[in-house]
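All remarks here apply to the structure that follows.
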Amino acid sequence: MSKVIQLAILASGNGTNAQQISEYFADKPEVNVNVIIYNKRDAYVATRAEKLGIEARYFNRHSFYETDDVLTFLKSREIDYVILAGFLLLVPENLLAAFPNRIINIHPALLPKYGGKGMYGHNVHEAVVANHEKETGITIHIVDHRYDCGTTLFQARCEVLPADTADDVAAKIHLLEKEYFPRVIEAVVLNKPIPKQ
Ligand code: GAR
């Protein structure tokens with residue numbers, strides 16, 4: 001059997017995507033969620049990781065930007081792909097250089113709309129509602145040195161109704177994330193066709 005693909009998930013907050021990805025791959029022998037890395041001490045994703053039986057490692061901002069600690073750790077685990085699942089720091093250069101085209105992010109909007117610094121999580125859905133958008137969606141993309149840029153791998157859309165609140169939009173987005181993010185990761189890391197919506 002060929003080498004098992006090792007994933008590291010990076011997350012900053014709640015961790016629903018980290019959990020969904022971990023559960024999806026739990027019974028798939030070709031891909032292993034090796035570790036969940038988080039950068040906020042009180043991030044609920046750490047509790048989720050514990051419940052899932054997946055190791056969680058905390059690294060602070062200083063470790064990411066001023067040291068090679070994260071890179072050294074990822075290398076020690078023989079990580080193949082880094083998955084950003086609600087990770088809010090800009091990925092440092094040393095990681096970008098070590099994982100060319102191997103860092104994947106999900107963004108809760110149809111990029112290039114509603115991307116960039118400060119556009120994350122609920123802020124995005126509030127802006128979508130404030131601008132009376134008729135549709136929104138998710139974008140899964142390769143990460144480069146900018147926020148929310150890099151080659152798009154996949155987009156899925158959903159309708160925004162006139163009466164929808166930001167919470168309503170968030171619920172629709174979470175459904176799309178659950179349905180597609182693990183499957184798109186699987187396709188990319190196993191070099192298979194990326195699913196379509
Ligand atoms: C997700 O909706 C993800 O798309 C978004 O943060 C949320 C994290 O939720 N990511 C960004 O906004 C990145 N710019 P989770 O912690 O429950 O997975």
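Note that ligands are numbered from 1 as they come in the structure, with each ligand's atoms numbered from 1 the same way. One-based numbering along the sequence shown. Note that these values count all heavy atoms, side chains included, but never hydrogens, waters or copies made by symmetry.
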Whether the Asn60 and Ser63 side chains hold a donor-acceptor pair (N or O, under 3.5 Å, no angle test) is what I'd like checked.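 Asn60 vs Ser63: donor-acceptor pair found between side chains.
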I'd like to know if the side chain of Asn123 reaches the main chain of Gly118, judged simply by a donor and an acceptor atom lying under 3.5 Å from each other, with no hydrogens or angles considered.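 Flag set: sc Asn123 to bb Gly118 pair under 3.5 Å.
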Give a yes or no on whether the backbone of Phe59 and the side-chain of Asn39 come within a donor-acceptor separation of less than 3.5 Å.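 Pair absent, no side-chain N/O of Asn39 close to backbone of Phe59.
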Non-neighbouring partners of Arg183 that pass salt bridge (charged side-chain N to carboxylate O under 4.0 Å, His left out), sequence neighbours left out: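 Arg183: no salt bridge (charged side-chain N to carboxylate O under 4.0 Å, His left out) contacts found.
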Which residue pairs pass the ring-ring contact (aromatic ring centres under 6.0 Å, His included) test with at least one member in residues 159-197, sequence neighbours excluded?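 Of all non-adjacent pairs touching residues 159-197, those that pass ring-ring contact (aromatic ring centres under 6.0 Å, His included) are Phe154-Tyr180.
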Give me each pair satisfying salt bridge (Lys or Arg N to Asp or Glu O under 4.0 Å) with a member in residues 134-145, each pair once, sequence neighbours excluded.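 Checked against salt bridge (Lys or Arg N to Asp or Glu O under 4.0 Å) - neighbours excluded - the pairs reaching residues 134-145 are Glu135-Arg157, Asp144-Arg146.
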With hydrogens left out, which residues have an atom under 4.0 Å from ligand 1, given that only heavy atoms count?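 Only Asn14, Gly15, Thr16, Asn17, Gly86, Ile106, His107, Pro108, Met119, Tyr120, Gly121, Asp148, His174, Glu177 have heavy atoms that fall under 4.0 Å of ligand 1, ordered by chain and number.
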